[in-house]
Each structure stands twice: as C-alpha cells, then as structure tokens.
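Below is one structure, written out as structure tokens; comments come after it.
The sequence lines fix the lettering, A, B, ..., with proteins before strands; numbering per chain opens at 1. On a predicted model such as this, the values are computed, not experimentally measured, just so you know. Note that these values count all heavy atoms, side chains included, but never hydrogens, waters or copies made by symmetry.
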Number of protein chains: 2
Amino acid sequence: MTEENGLPAEIALLWGLRETPRRGRKPSLTIGEITRAAIEVADAEGLGAVSMARVAQQLGNSTMALYRHVKSKDELLKLMADAAMEDPPPMPATGGWRAGLTLWANSVLLTFRRHPWCARIPLTGPPLGPKNLAWFDSALGTLADTPLSESEKVGVVMGLLTFVHGEIRLTAELAESFQENPEAFGPSYARALRLLVDPRKLPALGRVVDAGVFDQPNLYDEGDVDADFAFGLGLYLDGVAAYLAGRA
Amino acid sequence: MTEENGLPAEIALLWGLRETPRRGRKPSLTIGEITRAAIEVADAEGLGAVSMARVAQQLGNSTMALYRHVKSKDELLKLMADAAMEDPPPMPATGGWRAGLTLWANSVLLTFRRHPWCARIPLTGPPLGPKNLAWFDSALGTLADTPLSESEKVGVVMGLLTFVHGEIRLTAELAESFQENPEAFGPSYARALRLLVDPRKLPALGRVVDAGVFDQPNLYDEGDVDADFAFGLGLYLDGVAAYLAGRA
DNA sequence: GCTAAAGAGCGTAGCTCATACGCAGTTGTG
DNA sequence: CACAACTGCGTATGAGCTACGCTCTTTAGC
C-alpha cells in the first residue's frame, strides 16, 4: 500500500523495495531479521510453534513491535516461505537437460527437507518471490539447448515442479508424523492392513499385502523414500525424452 | 483406546469398529453425522470456518457434545479427509493399464476438486482409511495384467499419486486464492515479472517473459490447468510405458 | 420395580493466539 | 525549537480448543 509501482505489498517487501523513512526513530528490527528468526523457530520447533509472541521473544522484542514491519502473520509466513528457499545451485553447463533437471529436482527436494514446514504454507498466487523466481529460472535454463518452445519449457518445468511438490507434501508431512509416532510405520501397519483388507472387496491390494510388500521394519525409511522419488522422477524424465524424440 | 484389536482409535472410528455401549443415554449424534456436517461446512465456507462451535451449530447441538464422539479437532479432520474421498469409480475392464490409470488420476483430481480443503489436512501415517484403501486398490487393479511385481506396482502407483497430490496441492490452493484475489492471475502478473526479472540474472526466465508466455488474461484458467495436468500425466505414463517395454 | 453404574449433553472457565488501538519515546526537518 | 513522522510496546478484545464436572437418561442386575 505504501508502494506506487503496482506490486502487492508483500512482494515489495520480498524484493527489499521500500522507500526508507527519513524521519522518526531508527528501527531496531529489520524484516530480514524477523524472517530469519521466524525460520529459526520453525526449523527448531515446527511451524506450529511459530507465533508472533514466540518470534518476538526470539528477537528480544515485544510481540506488537513486529506489526510495525509486517502487516499480519500470514504475510510473515509468505516471507518465510520465499526466504527459506535459499539459492539454487549452479547448473552444470555440460551433461544436457536430463542431468540438469535431475540435479534441479533433487536440489529442490533437499532444500525443502531442510525446512519441511515450507510445504504447509499455502500459496497465494503465481511465483513472485526472488528465490522462487531464481529456482524457476534455473530449471528453465537447463532446457535452453532443447528445441522446445518457451511455452513448452514452462509446461515441462511446471509438470516437474508438480511432481516434486507432491513428493514434498507427502514426505514432509510423513516425516513429521514419523517423529511423533514411529510405530505407525512399522510392522503394525502390515498387521492393520491384514486385519482391514477384505480380499474380496480389495483384491489388488490384498495381493500386494499377501506378497509382503509392506512387511518392512520401517516403511518410512529415508533410503526407500529417496529411491521411490528417483524412480518416479526417472519415469517423468523418460516421458520428457520421448516427447523430445517425437518432436525432432 | 477403547479398542483391543491394536488399531489406533481414529482408524477404528473410520471403519465403524466400536463396541456399541449397552447402557446409558442414547446418543443423539453419530460420528457419521458429525463428519458429514463438518464436510458441509468446509465445502461451503472453507476449512478455516470449521470450528468445533460451527460444526456443533450446524447440527443444532452444543460445542462440547462433539467431544463425546471425537477425541479432538485433529481427529475430526482425519475423519473428514477420508470420508470426503467418496468411492472410486469402477475401472473399465478393457483398455489396458494406461486408460485405467488415466481415468483413475482424473477421478482423484475431480474428487479433490470437489473438496479442495482436503489437500490442507496433514497426513499422519500411511493410508488406512476405508476410502483411501479403496482408491489404492483401484489403482493397483489397473496394473493387474502387467508383468510388474507387486512391489513395482506400488512404486508406479505411488509415483502417480505423488504427481496427482502435487497437482492438487498447487491447484487447490491457487483456486482458493484466485477466488479472493483474481487480479494476481491477470495481466498484472506479467507486468510484475517484467519489472522484477533482470535478464542478466535470470536469463532463461527473461526469455520466457519476453516470449509473452505469461501475457494471458487469466493464468488460472480451468482449461489451461487441466491441459497442464494432462500434459504432465502423459509424460509420466510415457515413462511407465517405457519401463514396461524395457522389462519385456 | 428399584438401584446404581455407565454414558450422553452441555455450561463454565482457562489457556493460547492474533491483532486493533493508543500512548510514549525518538529522530529528522523546517 | 517545535512539529511531524515513525518506532516500540502495553492493554484489551475476541476467537478458538478443550479440561472439568454437573445433570439427566438408560439399562443391567437384583
């Protein structure tokens, strides 16, 4: 609202575009510090622990002081979501699009793994934050040497992003619940399935259960999760390769 | 806790396994009614409007009466998440796995579109609810005629589910924010990008912006969203086809 | 039938949390 | 030096979850 360049207030904040006040008391807080403190709290104690009071305490300030810099808690959450994305790694110049997109997807996943709460912050529009756009650019750059149109590149990247977001959503939430309740992922899961799955009503699932697919000591094994992701990612990239081949 | 079959309390509730009390006043509420009322509120006014008081009001009861049937609001949310999934459609016997998985993925998406708030309810473990397992079985059934091992079938379905969940997460949240703030998806987005994207720092994104990919009257167009989903889904299924071919 | 236990409905109250509002202190500007 | 602009912050309000305990209803056991 203090901006006249037509950008939403929170976007201007994200890019550091704000006319600095000439008069008045010097601020003892900056938006960057507030965002960083909130991210620290979320990393250490989860998104549920992020209250305005808790963040202010982290900074040694009072609760209401934050509202001079941030319009609402929602706005703070959006700032956190962009800031937590850090910077994308440099993409290798050699290796082609497939190596690039594989590295990119794994990097996105790693970044979210460091801040699992990010997946819980609702989106409020197409990407506009600086970190988000940097990642977007990074993915598009890996497709620079392909004959795809700009619009097709966006489609491929959006599809990949969709897949990665799904992985993040599923694994980040399961990771949180695994910490609180590991038994749910152990042998008791297979036991529950054998009890609940009627092979007449759910025959395909019954066969899977009988084959012992779920008889593992820990279904939420980091290695398995990564392998599943790599498998799905490989399938998607195979599809991209087939699309490229059919186009040339 | 009232169960002795080793199932978590909420799972027993989901499957209707609860020893019915012999003595005492007749319940005027059932878990099914409570869940249905909560889903009505969420469908009509969003998940944010679902408070225990609001659900009780919907039923003409007092707030605290709900707690005789449900341990906490979180438990109610889990019940809602499973119940909202309705039943999977019958899979066509003919057409092969590809037609089956395509129908399945689109059906999952449609079901979530009817209840966008579902994507916001956090997962707390591997699927155990009756509706969730029915959908899982349905997807596995489409792969029955393929030579895949049971474990591979699970991998393929999980990968697809990951992709669909990503789509749901992205589109359901954007749909909500689109209703509140449609301008964010209009020409102002392209304008903001042209203002913020420095072609030296984000060259690939700059080329996309220059090509006019974002110059659309409405980026959140239902047709475009569906087309993007179909495109990504096609790529993934192409990957599955390639995997099957390489295995035979 | 009678009694007591089991269980339902619900009013009260305590806790956490976001945030509107206004005052007080601070710092440039004219 | 006075004023305007601006920050920090204390207070208060209202929403929401839920622990606790009272009261009423129903049925098992005699």
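In this structure, the nucleotide among dC10(C), dA8(C), dC6(D) sitting nearest to the side chain of Arg25(A) is dC6(D). Picking from dT18(D), dG9(C), dC9(D) the nucleotide with the shortest atom distance to the side chain of Lys73(B) gives dT18(D).
Atom CE of Met158(B) is surrounded by 12 or fewer heavy atoms from other residues, nucleotides or ligands within 6.0 Å. By the 6.0 Å contact criterion, CD on Glu183(A) is enclosed, its count of non-hydrogen atoms from other residues, nucleotides or ligands being greater than 12. Crowding of Glu40(A) atom CD: a count of heavy atoms from other residues, nucleotides or ligands under 6.0 Å exceeding 12.
Rounded to whole Å, atom C1' of dG8(D) lies 14 Å from atom CE of Met52(A). Atom-to-atom, CE of Met64(A) to P of dC23(C) comes out at 15 Å; the value is rounded to the nearest Å. The distance from atom CG of Leu66(B) to atom P of dG16(D) is 14 Å, rounded to the nearest whole Å. Between the NE2 atom of His69(A) and the C1' atom of dC6(D) there is a distance of 10 Å, given to the nearest Å. Distance Leu76(A) CG to dC17(C) C1': 14 Å, rounded to the nearest Å. Atoms CZ (Arg54(A)) and C1' (dA18(C)) sit 17 Å apart, rounded to a whole Å. As a whole-Å value, the separation of Glu33(A) CD from dT7(D) P is 14 Å. Put simply, OH on Tyr67(B) is 12 Å from P on dG16(D), counting in whole angstrom units.
Taking 4.0 angstrom as the limit, Lys71(B) places none of its side-chain polar atoms (N or O) nearer than this to OP1 or OP2 of dT18(D). For dA15(D), the OP1/OP2 oxygens have no side-chain nitrogen or oxygen of Ser51(B) closer than 4.0 Å. Between Lys26(A) and dT27(C) there is no side-chain polar atom (N or O) within less than 4.0 angstrom of OP1 or OP2.
For a distance-only test at 3.5 Å, the side chain of Arg68(B) qualifies as a donor-acceptor partner of the base of dG9(C).
Side-chain contact between Leu193(A) and Leu128(B) is present, with at least one heavy-atom pair separated by less than 4.5 Å.
Within the 4.0 angstrom heavy-atom criterion, base atoms lie near Thr63(B).
In this structure, Phe229(B) and Phe163(B) have parallel ring planes: the angle between them is below the 30° cut-off, well short of the 60° mark.
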